Protein chains: 2
Amino acid sequence: MNTNESSYRDKKVMSIGIVKELTGLSERQIRYYEKRQLLFPERTDTGIRKYSFSDVERLMEIADRIEEGVQTHEIRTELAKKDEKKAKDVRDQMIRGQINAHFHQKL
Amino acid sequence: MNTNESSYRDKKVMSIGIVKELTGLSERQIRYYEKRQLLFPERTDTGIRKYSFSDVERLMEIADRIEEGVQTHEIRTELAKKDEKKAKDVRDQMIRGQINAHFHQKL
DNA sequence: CGTGTAAGGAATTCTGACACG
DNA sequence: CGTGTAAGGAATTCTGACACG
């Protein structure tokens, strides 16, 4: 029941037109940030880009940093660091989950 | 922070192709259920339908009921009842929120 | 009643390029 | 470097209709 909700944020379901509306960015900008490796939309079999809500959030962060005069290269590094931290947190939680399950199994 | 998350479920952002993939239904079926008033996607200025994750969930429920041999007309009634109940729950929560806010304001 | 399909048109998205700087 | 734009093509979506039942 809770497993579902959070997956909505990461599910790649929107095409660029909606993302454009949600972020206020131009398609040109959205595609350019992808080329610079700031975000990673998926593609349909026929090549149409698909974005998630978290991609939208990320684009708004990117837009903020750009406005501050930060170059895409630096933003890329920052985001990569953030992503790695999140991945680590997820791994930690997984381990706790395992331990927890193991503990309860013993009862 | 929490206000955002739940809104993802109801935000109309997907076009019919994705909904088709997510639900396994045909475009024909999805559009037909709309005509029968079982769901209410939004439209872009140019007439393209946009669906939310909750629409996707709803379509899966609809598909189940159809498989059980229930007619769209009945499903419509069932869903309307459910929707009304949810709306009522939301109103109740709003009131509780008001009371709560009022209470804390007094302190 | 619920769904498939072919038909024609309109709207969307894609890429590579020229432009400015 | 970051972004706008016109260009041409491919993929998507829309509606109304014929079909079966």
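As the structure is a prediction and not an experimental result, all values here were calculated from the model. Because only heavy atoms are used, hydrogens play no part in the values below, and waters and symmetry mates are left out as well, while side chains stay in. Naming: A, B, ... by sequence-line order, numbering from 1 per chain.
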Please tell me which of the listed nucleotides, dG4(D), dT15(C), dG2(D), lies nearest to the side chain of Arg49(A)? dT15(C)
Measure CD1/Ile30(B) against C1'/dG4(C) and give the value in whole Å, please. 14 Å
Using Watson-Crick or G-U wobble geometry with both distances under 3.5 Å, which nucleotide pairs with dA6(D)? none
Is there, by distance only and without an angle test, a donor paired with an acceptor across the side chain of Arg28(A) and the base of dT5(D) below 3.5 Å? yes
Among the nucleotides dG2(D), dC14(C), dG4(C), which one has an atom lying closest to any side-chain atom of Ser26(B)? dG4(C)
Answer yes when Arg9(A) and Asp55(A) have at least one side-chain N-carboxylate O distance shorter than 4.0 Å, and no when they do not. no
Between Ser15(A) and Gln29(B), which is nearer to the 5' end of DNA chain C once each is assigned its nearest nucleotide? Gln29(B)
Can you check the Glu67(A) CD to dG2(D) P distance for me, whole Å? 14 Å
Quick one: OH on Tyr32(A) to CD1 on Ile66(A), what's the gap to the nearest 0.5 Å? 8.0 Å
Output the rounded distance in Å from CD1 (Ile62(B)) to C1' (dG2(C)). 13 Å
Check every atom of dT15(D), dT3(D), dT15(C) against the side chain of Tyr32(A) and return the nucleotide holding the closest atom. dT3(D)
Going through the distances and angles, do Tyr8(B) and Phe53(A) end up as a ring-ring contact (aromatic ring centres under 6.0 Å, His included)? CA-CA 7 Å; Tyr8(B) 287 155; Phe53(A) 280 110; 4.2 Å; yes
Per nearest nucleotide of DNA chain D, the residue lying toward the 5' end, Ile66(A) or Lys50(A), is Ile66(A)
For the pair made of NZ in Lys20(A) and P in dT13(C), what is the distance, rounded to whole Å? 8 Å
Answer yes or no: is there an ion pair linking Arg65(A) with Glu74(A), defined by an N-O contact shorter than 4.0 Å? no
Do Glu78(A) and Val70(A) have side chains that approach each other closer than 4.5 Å (heavy atoms only, starting at C-beta)? yes
From NE2 of His73(B) over to P of dG2(C), roughly how many Å is that when rounded to an integer? 11 Å
Check the pair Arg58(B), Asp83(B) against side chain to side chain contact (heavy atoms under 4.5 Å, CB included), reporting the backbone distance first and the verdict last. CA-CA 11 Å; Arg58(B) 180 183 274 248; Asp83(B) 289 346; 2.5 Å; yes
Taking it one step at a time, do Ile75(B) and Glu61(B) satisfy side chain to side chain contact (heavy atoms under 4.5 Å, CB included)? CA-CA 9 Å; Ile75(B) 301 176; Glu61(B) 286 183 47; over 6 Å; no
N or O in side chain of Tyr33(B) less than 4.0 angstrom from dT3(C) OP1/OP2: yes
Mind listing the residues from residues 34-46 of chain B sitting with a heavy atom below 4.0 Å of DNA chain D? Number order is fine. Arg43(B)
Pairing partner of dG16(C), by Watson-Crick or G-U wobble and under 3.5 Å for both distances, is none
Nucleotide dG2(C), atom C1' - distance to CD of Glu68(B) in whole Å: 16 Å
Whole-Å distance, Glu27(B) CD to dT5(C) C1', equals 12 Å
Closest to the Ile16(B) side chain, choosing from dT3(D), dT13(D), dT15(C): dT13(D)
